[in-house]
Amino acid sequence: MNIPKIPQQTINTKKYLNSYQNYQTFNTKYNQDNISFGCKKPTSKFFTPLKNKLKPITDLYDTGIEHIAKIIGKALDTKFTYNLLQSTKRNKNLFNHLMTLGSVILSGLYITRTLTNKDLDEKKRKTLAINQGLVFAFSTAMCYLAEGKLKSKVTAFANKFEAVNHGYMPEDKLIKCTKGIGIAGKIMVFDVIYRFIAPVFITPVANHFGNKLNEGN
Amino acid sequence: MINSLSKDSHITQRRRSLKMAKPQEKSILILEKKSTPAIKYNTSVNKPAKISFSGLSSRTLANDASFKRLYEIGKEYVGQVKHQHKETIKLIKDSVDLLIPDAKKDIIEKKHPKKISKKQEPSQLAKTFAEKNKEMLLPLVKKATDLTKHDNLVMRTDPITKTKVPKLIDGEIEYRANPEEMREEIISSVENAAKATTETGKKHWYKDNKALNYFLLLAEKNNVAFSATFALLLTCILRPASIMTLPGNKKNKDDQKYAATHSIASGIIGYVCAYLVSNPVATAMKKVLSNPLDYMRSKKQGGYGNYIEDSKKANGCADVWISRGVDIAMAVPKALITIALIPPILKYVFGWEKKKSINNNKIEANNKTFASKNVMQNTKIALKPTKSGTK
């Protein structure tokens, strides 16, 4: 009689992983403070009926988001996007390059408006256009230099933030916050230089250089 | 032969479809090789943490009591020096570098290997520290190696349980990095942990701060909205303050007030436009990138859904392109709306109107043309032939 052999599954879990998981879940302050044994979520007398009234609007919003998600899925499912992602995957400064591209378009718009403005003379149009171009050039150079020098400090702050807040919030939230530190640093550097430092401090410098160029011509 | 025009075509098509359909077979995972055991994760317990910014190893080591004790011992070795914190970090880093064995020379070359930094020789103080404190350092090194290996595992999705499981090639585990790269990661994780040891016990402004956490989550969720909120702060507070206080081209107080309100209005309009347009796009994008196979085709169907699910870099790259693309597409319309809407708002809401400044160039130009016109007219009158004849 041929008895069929029952296949045995080899289960070899590493001990430290299980103990680490249990250590993690036990020692977090969030888990110790927010213990729930099948309790219901708390409800408010004002906000819960208001949410129920606004439900049709929120349902419309959700359906709209799903339509947008389908469009994004179709756009990502092409060969063009595959080639684009493969070529730009390893570029670390891609975020910065795309921000400068947006500023290029805006500054180009303002320069074309000054060049086509009929209320001004041709000389004044040229001077204003040159000044705007120089402001753009100086501000982009400053952005790249500042972002490169502040990168190490941002990473050090992110490591400190993660070590200090370990246990005071759930892990998913902590990972998202640490990612947000790097993104927020870049955005703040670009916004401060383009919106505050450029119009206040860089325009007189650019005007000085622009007027010199026009005097030479 | 199936002919759609025939009467009985629906029957023949149904017979063909019945033949083609096969039942789905469920297969059980069986591991035959006993020499190389496989790692399995308990799905009932909370899943292990995903790879974070600084790595899983540095975070666990920083909160370890033995590591904190080792840091204090290292402080005593260094003594009271100007940069005590930095030199203790160097000491621990060099001692760990001595204890980790060198990587083997038979390394598999990759297409894009990471750049390895230059090595600096460890100091004698580090050698004495490593010799005397081996009992504390060796278990630390073992822990760091295991955790970095866990960080560098290549995962695949199990089709039955739909969970992430480490990938096996011929029964062996696949790692993402070379042994040399792993060696550097171990040292960097210990270094990052040492940098964060002193900060755990003290009170800091970034410890359990709800407002800061809100802004950081907003930056991770939606870049455009975060930039718009930060721009509000600049345009509504800093820029008007600079215009009113600093001496500039605008000497009249009315012009200064007009410029300040102009900046405030531009900030508010930019915030509203950015929030309305970018918020739904960002939520939709997160849905797609978290579950790409629900909205995209799989590899068998001729799509790229598995590519975006497996590769983390492509996932992040797509996130950046879509968020920045929305900002670039919105830049020109936003600027045009601000240029068009601000003057009527200031006129009809606040009752302010920009006084037309005297353009000296225009008057001079008009004078020139007027003078030139008179000259030409006078010459024409002079040169006109009269009926009576030339004079």
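Just so we're on the same page: letters track the sequence lines, and every chain starts at 1. Reckoned from all heavy atoms, side chains included, excluding hydrogens, waters and symmetry mates.
The main-chain N or O of B:Thr235 is found under 3.5 Å from a side-chain atom of B:Ser263 such that the two form a donor-acceptor pair. B:Asn222 contributes no side-chain N or O that, together with a main-chain N or O of B:Leu218, makes up a donor-acceptor pair within less than 3.5 Å.
The aromatic rings of B:His204 and B:Tyr206 lie parallel to each other, their planes meeting at an angle below 30°, with 60° marking the opposite boundary.
For a residue to count as touching a neighbouring chain, one of its non-hydrogen atoms must lie under 4.5 Å from one of that chain's; by this rule A:Phe190 does not touch chain B. Contacts between A:Val104 and chain B at a heavy-atom distance below 4.5 Å are absent for every atom of the residue. For B:Val288, the part lying under 4.5 angstrom from a heavy atom of chain A is the side chain only. When heavy atoms are compared at a cutoff of 4.5 Å, B:Leu238 approaches chain A by way of both its backbone and its side chain. For B:Ile339, the part lying near chain A is the side chain, with the backbone staying farther off; criterion is any non-hydrogen pair under 4.5 Å. Residue A:Ser103: no heavy atom, backbone or side chain, is found under 4.5 Å from chain B. Interface remark: B:Ile308 contributes side-chain atoms only to the contact with chain A (heavy atom separation under 4.5 Å). With a 4.5 angstrom heavy-atom cutoff, B:Lys287 touches chain A only via side-chain atoms. Contact annotation for A:Lys79: both backbone and side-chain heavy atoms come within less than 4.5 Å of a heavy atom of chain B. Contacts of A:Ile183 with chain B are made by side-chain atoms alone, with heavy-atom separations under 4.5 Å and no backbone atom involved.
At a heavy-atom cut-off of under 4.5 Å, chain B is reached by A:Leu106, A:Leu109, A:Tyr110, A:Arg113 from residues 106-116 of chain A, listed in order of number. Of all residues spanning residues 323-330 of chain B, those with a heavy atom less than 4.5 Å away from chain A's heavy atoms are B:Arg324, B:Ile328, arranged by number.
Around CZ of B:Phe215, the count of heavy atoms belonging to other residues, nucleotides or ligands within 6.0 Å does not exceed 12.
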Taking distance alone, no hydrogens or angles, what donor-acceptor pairs closer than 3.5 Å link side-chain atoms of residues 59-70 of chain A to residues at least two apart or in another chain?
residue : atom : partner : partner atom : Å
A:Thr63 : OG1  : A:Asp59 : O            : 3.2
A:Thr63 : OG1  : A:Leu60 : O            : 2.5

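Remark: A:Phe95 pairs with no residue by the ring-ring contact (aromatic ring centres under 6.0 Å, His included) rule, at least two apart or across chains.
Of the listed residues B:Lys313, B:Lys221, B:Met285, B:Arg297, the one with more heavy-atom pairs under 4.5 angstrom with chain A than any other is B:Arg297.
Side-chain contact check for B:Ser242 versus A:Phe196: some heavy-atom pair is nearer than 4.5 Å.
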